[in-house]
Number of protein chains: 2
Amino acid sequence: MLPQRRHAEILRCLTQEGSASVTALCSQLATSAATIRRDLICLEREGVLTRVHGGAVLAPSQERPFDRVAREDGDVKDEVARAAATLVRDGESVLLDIGTTTHRLAAHLHGRDITVLTSNLAVYEELADDQAVELILLGGVVRRNYRSMVGFLTEDALRQVRADRVFLGAAGVRDDGSVMDDTVVEVPLKRAMLAAADQVVLLADRGKFPGGGLARICGAEEIDVLVTNADTAGAGLSAMREAGVEVLDG
Amino acid sequence: MLPQRRHAEILRCLTQEGSASVTALCSQLATSAATIRRDLICLEREGVLTRVHGGAVLAPSQERPFDRVAREDGDVKDEVARAAATLVRDGESVLLDIGTTTHRLAAHLHGRDITVLTSNLAVYEELADDQAVELILLGGVVRRNYRSMVGFLTEDALRQVRADRVFLGAAGVRDDGSVMDDTVVEVPLKRAMLAAADQVVLLADRGKFPGGGLARICGAEEIDVLVTNADTAGAGLSAMREAGVEVLDG
DNA sequence: GCACAACTGAACAATATCAGTCATTTTGCG
DNA sequence: CGCAAAATGACTGATATTGTTCAGTTGTGC
């Protein structure tokens, strides 16, 4: 393996985890501790990381903005996004819905060895520079205000692909467990996404219980996993549980 | 194997993986280390890559081959782009090919009341904030280095749409009028674009006459309009004229 | 404070790669 | 066909990188 490749890999581990130990890097890169140390010295000289006893951490200036946002406590949406990211396994292909919640999820998927399918242009911009993630855009008519693509092209594309998991956002969940959306044009898209994935994961922070919306996307029975906050409560959540939805707390 | 073919292959490996080792290239291209090194020296002189111990990595300025190309030959290409923009009428829908030339064309389409269809992500970024232009992305697998989307999704999308005009880029025009490209994966896309538009406009500055390329996209008879520089000359241009192509000077 | 484990830095040997040279083969051209 | 130029592959001494070893240091639990 080329030294540069190793350096890139070390940085990938660092940005993903925030820190990395020499022994972990040894096994991950199949090399000796001496080489890793030499690499770390080199990278420290470049100023991209700081060496600490046993490994290295990202240099303060190198922390990506989303990482800082992610570590702030009390951000209910980010709790959900972070919890959802733990569901994704290496090698999988995931379908990300339109909206800000899935954009936040994408920010937690940096450096992962996965394929992301989406019509969410915010996700595209988030992951555009990430070499690890394979990115597939669904196409469609660009809606600037929503940073997304919609229309028959998007729906057609969804019929041609298959994902291991779809991460769905929503405007709210009604007390009967119905998943609702505000934007009528998105509903057929969301339904097409449901059909294109093996597992349906709904991202809904506690503010979505109960929640309104003009149009019904689907009922609780179509959802496999609900990711929400630990302190979420309400009839909608109970309805989800009764429908056999696995509930994951952020 | 021809040196040019080897160089193209080396670049393909590099853009795909980000780095390549001499030994890997040896076995992949079935040649000796000495030859690979000579190739790398040559390519490094061109500024395309940076040699490192054990192999090569993409040159820092080269990580986005797109941006590099975009800066070269500024005026020559921009003459062509500006002239091409005059062909577009309000209310039309235009299909823009992958590449830098069409990106430049897009820069001249700001504020126009038109619909732009493209798989060129540089065009998307150029026009994303322009309220006047309706933007439709074709979808597909994102190729970061080329700022484009390719693959069967893109081709499928092209079969579903119809444009008044397609603006096509190319690596070069041969003396017999054949339009050539370097990137094999783009050829079926370009052919699908030809089929999806009523009029085919080829953008080719004087540097493209004569020009090489691995794969043939189409012959002169498929082109309706050629936009080039005023001082362009050569057998390829004559072949175009003989085939009845309307030639527009920038 | 002390013992113990883990980590570090430096030196060294082994290995891999590099640049240069030279013989051989291929290519282009009259 | 023959010749010259270019490209290729093999060899060699020089250089760079890597893994190992070991003495010294740091961190941790008692």
Side-chain angles (χ1 to χ4, degrees), chain A residues 1-60 62, chain B residues 1-62 172 174-176 178 180 182 209-215 234-236:
Chain A
M1 181 179 301
L2 269 63
Q4 281 71 14
R5 191 137 191 83
R6 246 185 359 250
H7 290 189
E9 196 69 12
I10 289 170
L11 284 180
R12 197 184 63 77
C13 291
L14 271 175
T15 49
Q16 194 174 324
E17 306 287 332
S19 67
S21 72
V22 172
T23 49
L25 290 169
C26 279
S27 59
Q28 195 152 354
L29 302 178
T31 186
S32 73
T35 303
I36 294 293
R37 287 210 185 84
R38 279 186 278 249
D39 287 340
L40 293 181
I41 290 167
C42 177
L43 288 166
E44 185 174 40
R45 241 194 289 272
E46 289 176 23
V48 294
L49 56 78
T50 307
R51 250 147 57 82
V52 296
H53 196 87
V57 296
L58 221 48
Q62 291 289 316
Chain B
M1 183 183 285
L2 275 72
Q4 293 98 309
R5 181 121 186 79
R6 241 185 5 247
H7 289 192
E9 194 68 12
I10 290 171
L11 284 181
R12 198 187 58 77
C13 291
L14 268 176
T15 49
Q16 200 171 319
E17 303 285 330
S19 67
S21 72
V22 173
T23 49
L25 290 169
C26 278
S27 59
Q28 195 153 354
L29 302 178
T31 185
S32 72
T35 304
I36 294 293
R37 288 210 184 85
R38 277 186 279 252
D39 286 341
L40 293 181
I41 289 168
C42 176
L43 288 166
E44 184 175 40
R45 241 194 288 275
E46 288 177 23
V48 182
L49 54 79
T50 306
R51 249 147 58 81
V52 297
H53 195 91
V57 295
L58 278 176
S61 61
Q62 233 0 55
R174 295 175 66 115
D175 285 346
D176 65 352
S178 296
M180 307 297 289
D182 308 301
F209 294 89
L214 301 169

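Just so we're on the same page: letters track the sequence lines, and every chain starts at 1.
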K.L.:
What does the list of N/O pairs under 3.5 Å between the protein and nucleotides 4-11 of chain D look like, with a distance for each?
P.N.:
from   : atom 1 : to     : atom 2 : distance (Å)
dT8(D) : OP1    : R6(B)  : NH1    : 2.7
dT8(D) : OP1    : R6(B)  : NH2    : 3.1
dT8(D) : OP2    : R6(B)  : NH2    : 3.2
dG9(D) : OP2    : T31(B) : OG1    : 2.7
dG9(D) : OP2    : S32(B) : N      : 3.3
dG9(D) : OP2    : S32(B) : OG     : 3.0
dG9(D) : OP2    : T35(B) : OG1    : 2.5
dG9(D) : N7     : R38(B) : NH2    : 2.7

K.L.:
To the nearest angstrom, how far is H7(A) atom NE2 from dT17(D) atom C1'?
P.N.:
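Going from NE2 in H7(A) over to C1' in dT17(D) covers 11 Å.
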K.L.:
Using a 4.5 Å cut-off on heavy atoms from C-beta on, say whether the side chain of S27(B) contacts that of T23(B).
P.N.:
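Of all side-chain heavy-atom pairs linking S27(B) with T23(B), none is under 4.5 Å.
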K.L.:
Reading DNA chain C from 5' onward, which residue's closest nucleotide shows up sooner: G54(B) or V52(A)?
P.N.:
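So the residue in question is V52(A).
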K.L.:
Separation of I36(A) atom CD1 from dT8(C) atom C1', in whole Å?
P.N.:
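Rounding to the nearest Å, CD1 of I36(A) and C1' of dT8(C) are 15 Å apart.
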K.L.:
Looking at D39(B), T35(B), I10(B), which hits side chain to side chain contact (heavy atoms under 4.5 Å, CB included) with L29(B)?
P.N.:
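With L29(B) as partner, side chain to side chain contact (heavy atoms under 4.5 Å, CB included) holds for just one option, I10(B).
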K.L.:
Specify the separation, in whole Å, of atom NE2 of H53(B) and atom P of dT17(C).
P.N.:
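So the NE2-P distance, H53(B) to dT17(C), works out to 7 Å.
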K.L.:
Would the distance check show the side chain of R37(A) and the main-chain N or O of V22(A) forming a donor-acceptor pair, the cut-off being under 3.5 Å?
P.N.:
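Looks like no, no N/O pair under 3.5 Å.
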K.L.:
How many Å lie between CG on L29(A) and C1' on dT17(D), as a whole number?
P.N.:
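It is 16 Å, rounded to the nearest whole Å.
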K.L.:
Output the rounded distance in Å from CZ (R37(A)) to P (dA6(C)).
P.N.:
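Those two atoms, CZ and P, are 13 Å apart.
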K.L.:
Would you mind reporting whether E44(A) and L40(A) have side-chain heavy atoms less than 4.5 Å apart?
P.N.:
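Answer no - side chains too far apart.
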K.L.:
Salt bridge or not for E9(A) and R6(A), using N-O below 4.0 Å?
P.N.:
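Not counted as a salt bridge, because no side-chain N and carboxylate O are separated by less than 4.0 Å.
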K.L.:
So which atom in L14(A) and which in A20(A) form the shortest heavy-atom distance, rounded to 0.1 Å?
P.N.:
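Where L14(A) meets A20(A) most closely, the heavy atoms are CD2-N, 3.7 Å.
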K.L.:
Starting from P on dT17(D), measure out to CZ on R51(B) and report it in whole angstrom.
P.N.:
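R51(B) atom CZ is separated from dT17(D) atom P by 13 Å.
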